[in-house]
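For the numbers below, each heavy atom of this structure counts, side chains included, while hydrogens, waters and symmetry mates do not.
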Amino acid sequence: MANFEASPPAAFKVLFFLACFCYLYLHVFAFPTTPIYYEADHVKMIHEASRMAGGEMIYKDFWEFIFPGSISFFALLISLFGPKYWLISGVIILHGMITAYLGVVIARRVISDTLVAYLPSAIYIFFGFRWFGIDAEHRMLSPIFLSIALILLLRSRSYKMVGLAGAVCALASFFTQPRGLLALAAIGVFLLIELGIRERNWKRLATSWLVLTAAFFLTLAALLAPYVYPVGITRFVDDTIFFISSYSQDPYTNSWRTYFSTIIKLKAAGTTMLVVTVFYSLLIPAVYLVTLAILWLKRKTWHRDRVAPILLTTLIGLFLVLGTTGPNAMRLYQISLPALIVLVWLIWQTRLLKSVWAGAAIGLLMVAGLALAIRTQAAWDTVTLDTASGRIVFLSKVISERYEWLLERSRPQDKVFEVYICHVNFPLGLRNPSRMSILLNTGYSPPHHVAWALEDLKRDMPRFIIWDGAWTKEMPQMEDEERLKPIYLFLTKYYRPVQAFTPYDGREREAWELISADSGR
């Protein structure tokens, strides 16, 4: 008879991770090997990585506000394998598998070395990834390093482990600026509680803080130096620090208003997605607050060895939530692994969750998840295109429309500029003549970004410009220098509209062609 309270057998571990792999694979590859195209921010990111792999320099030859970790990572992959879209699919699978494994490792130390330890990762993969995790951008990759830092400190709080944790947090910031710093602050608070308040060992606390912060800042400085030196510290700070500080103040896209508006916006997205959204929106940050309240009430009766693992996990997760701008369901999901571990820990404390029930829940999640993954292979009206980045499959004819149109009318290395986000450039192998890869008709794009783009477009006119027709309605009310009005005036002077595409996601994309098209080749 199986002993569900023991560490699960090797067969279960193999089956679990095999199910995770199949689930991820079937969501990002059309069987057997054709990558599925997802029009997300990672397309812009890999386009910029291709520019870097081609010899251009981030912050100098093209603008970017994130630290260079994710773009450099993809530039390395492109240098090794070529500019292929399947790299995105491969990184999504790699991220999912690593996160699932790290979730199990953490849960074994925080909860129990039984089947229960697999439940947080099972929820993360099979009840969330399909809707919020199919993304290879920096926000999905940076939490991997924070999980590694957590594992190091769960093993030991020696100076060596504290220093390694600080260095790994620097790697997280190398991908997403604030994440490593937020985790660093959470670890600092944890050390204050454990070494200062409980042990009264202020000398060790001070030394641990010094080791932690020194390892973080020295590692981050070493990682950033090759990128900062060519452009200068002023330009680097303007693009990656000051821009974010102003962008994060946008009340419509980067405030807690986003948290409360997400569910309303997703009512039309279907019952399943609404349920998943509500789950993560209610789970975070409530689960952390409940756990901290319990730890406070039990502070005199629970041994520190019982408290430390869950306290550290809770603090890191809570700090990440509090530092998240625009906390919609997708951004909350990206940092949800600690919350899922804490949730299962809370249920485990009630003694209502037995390993046999955890195993049943994991099995149900695996079966339901794999059923959805198989549905992805069969339930869509797909379009397959042979492009410069390889053969790719679109799950929607509406999304593929402008890609097909451009594929018929352009060749690789033709110049095309897409206002909003340059989605079409990488998959079709088209050059972006501007240093800007994103322009919005909002405060996101400051006047000097618009001026840069206009300067580039005048100097090197592309044959086609993809414009958002929804913005055309806003132009008559704008001053000539306001937001994207200068781009629109340039567009109407030198280009003519040639194609309107089916609207989706609130965008009314249009193709405009240079009136003297031969000069744009």
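Judged purely by atom type and a 3.5 angstrom limit, T176 has no side-chain atom pairing as donor or acceptor with the backbone of S173. A donor-acceptor contact shorter than 3.5 Å is absent between the side chain of E48 and the backbone of I58. Between the side chain of T350 and the backbone N or O of I347 there is at least one donor-acceptor pair closer than 3.5 Å. A donor-acceptor pair is defined here as one N or O able to donate and one able to accept, closer than 3.5 Å; such a pair exists between the side chain of S445 and the backbone of L440. Looking only at distances, no side-chain donor or acceptor of D505 sits under 3.5 Å from a matching main-chain atom of R507.
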Which pairs of donor and acceptor atoms, one on a side chain in residues 64-76, lie under 3.5 Å apart (sequence neighbours left out)?
residue	atom	partner	partner atom	Å
E64	OE1	K44	NZ	2.7
E64	OE2	I66	N	3.4
S72	OG	P68	O	2.7
S72	OG	Y227	OH	2.6

Residues 25-36 side chain polar contacts: donor-acceptor under 3.5 Å, at least two apart:
residue	atom	partner	partner atom	Å
Y25	OH	P32	O	2.3
H27	ND1	Y23	O	2.8
H27	NE2	R130	NH1	2.9

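Closest of all the heavy-atom pairs between S142 and F175 is CB-CB, 3.9 Å. Across L184 and C169, no two heavy atoms sit closer than the pair N-SG, 4.3 Å. Across F17 and A100, no two heavy atoms sit closer than the pair CE2-C, 4.1 Å. Nearest heavy atom pair, residue A167 against residue T219, reads CB-OG1, 3.5 Å. Between V104 and S121, the closest heavy-atom pair is N-OG, 3.4 Å. Scanning all heavy atoms of the two residues, the minimum distance from L77 to V91 falls at CD1-CG2, 3.7 Å.
Shown here are the side-chain hydrogen bond (donor to acceptor under 3.5 Å, both in side chains) partners of Y118, two or more places apart in sequence or in another chain: there are none. Listed by chain and number, the residues in a side-chain hydrogen bond (donor to acceptor under 3.5 Å, both in side chains) with S396 amount to none (sequence neighbours excluded). Every residue two or more places apart in sequence or in another chain that forms a side chain to side chain contact (heavy atoms under 4.5 Å, CB included) with P446 is listed here: F243, H448, H449. Under the rule for a side chain to side chain contact (heavy atoms under 4.5 Å, CB included), the partners of M57 that lie at least two apart in sequence or sit in another chain are K60, D61, P230. By the salt bridge (Lys or Arg N to Asp or Glu O under 4.0 Å) test, R299 pairs with no residue at all, sequence neighbours left out. L171 is linked by a side chain to side chain contact (heavy atoms under 4.5 Å, CB included) to F145, L223, counting only residues two or more places apart in sequence or in another chain. The salt bridge (Lys or Arg N to Asp or Glu O under 4.0 Å) search around R157 returns E194, not counting sequence neighbours. Residues forming a salt bridge (Lys or Arg N to Asp or Glu O under 4.0 Å) with R155 (at least two apart in sequence, or on another chain): none.
Ring geometry for Y420 against H423 counts as perpendicular: the plane angle is over 60°, on a 0 to 90° scale with 30° as the lower cut. Ring-plane geometry between W302 and W345 is classed as perpendicular, the angle between the planes exceeding 60 degrees on a 0 to 90 degree scale with a lower cut at 30. Using a 30° and 60° split on the angle between ring planes, F236 and Y59 fall in the perpendicular class, above 60°.
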After noting the C-alpha distance and the side-chain angles of I362 and F126, does the key distance pass the side-chain contact (heavy atoms from CB on, under 4.5 Å) rule? CA-CA 9 Å; I362 293 168; F126 300 110; 5.9 Å; no

List the steps, then state whether side-chain contact (heavy atoms from CB on, under 4.5 Å) holds for F319 with Y288. CA-CA 10 Å; F319 272 64; Y288 296 127; over 6 Å; no

Between W131 and T272, does a side-chain contact (heavy atoms from CB on, under 4.5 Å) hold up when you go through it step by step? CA-CA 10 Å; W131 299 274; T272 305; 3.4 Å; yes

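To the nearest 0.5 Å, atom CG of residue L195 and atom CH2 of residue W209 are 9.5 Å apart. Atom CZ of residue R109 and atom OG1 of residue T313 lie 11.5 Å apart, to the nearest 0.5 angstrom. Separation of atoms CD1 (I316) and CG (L337) is listed at 11.0 Å; rounding is to 0.5 Å. The line from CG of L182 to CG of L315 is 12.5 Å long, rounded to the nearest 0.5 Å. Separation of atoms CG (L141) and CD (Q334) is listed at 10.0 Å; rounding is to 0.5 Å. Interatomic distance, NE2 of H42 versus CE of M140, reported as 11.0 Å (0.5 Å rounding).
Under a cut-off of 6.0 angstrom, the local environment of CZ in R198 is crowded, with over 12 non-hydrogen atoms contributed by other residues, nucleotides or ligands. Counting heavy-atom neighbours within 6.0 Å of K298 NZ, excluding the residue itself, gives a total of 12 or less. Annotation: F12, atom CZ; neighbour count of heavy atoms from other residues, nucleotides and ligands within 6.0 Å is above 12.
Pairs engaging residues 166-182 under the salt bridge (Lys or Arg N to Asp or Glu O under 4.0 Å) rule: none recorded [sequence neighbours left out]. Sorted by first and then second residue, the pairs that involve residues 322-342 and meet ring-ring contact (aromatic ring centres under 6.0 Å, His included), not counting sequence neighbours, are Y124-Y333, Y280-Y333.
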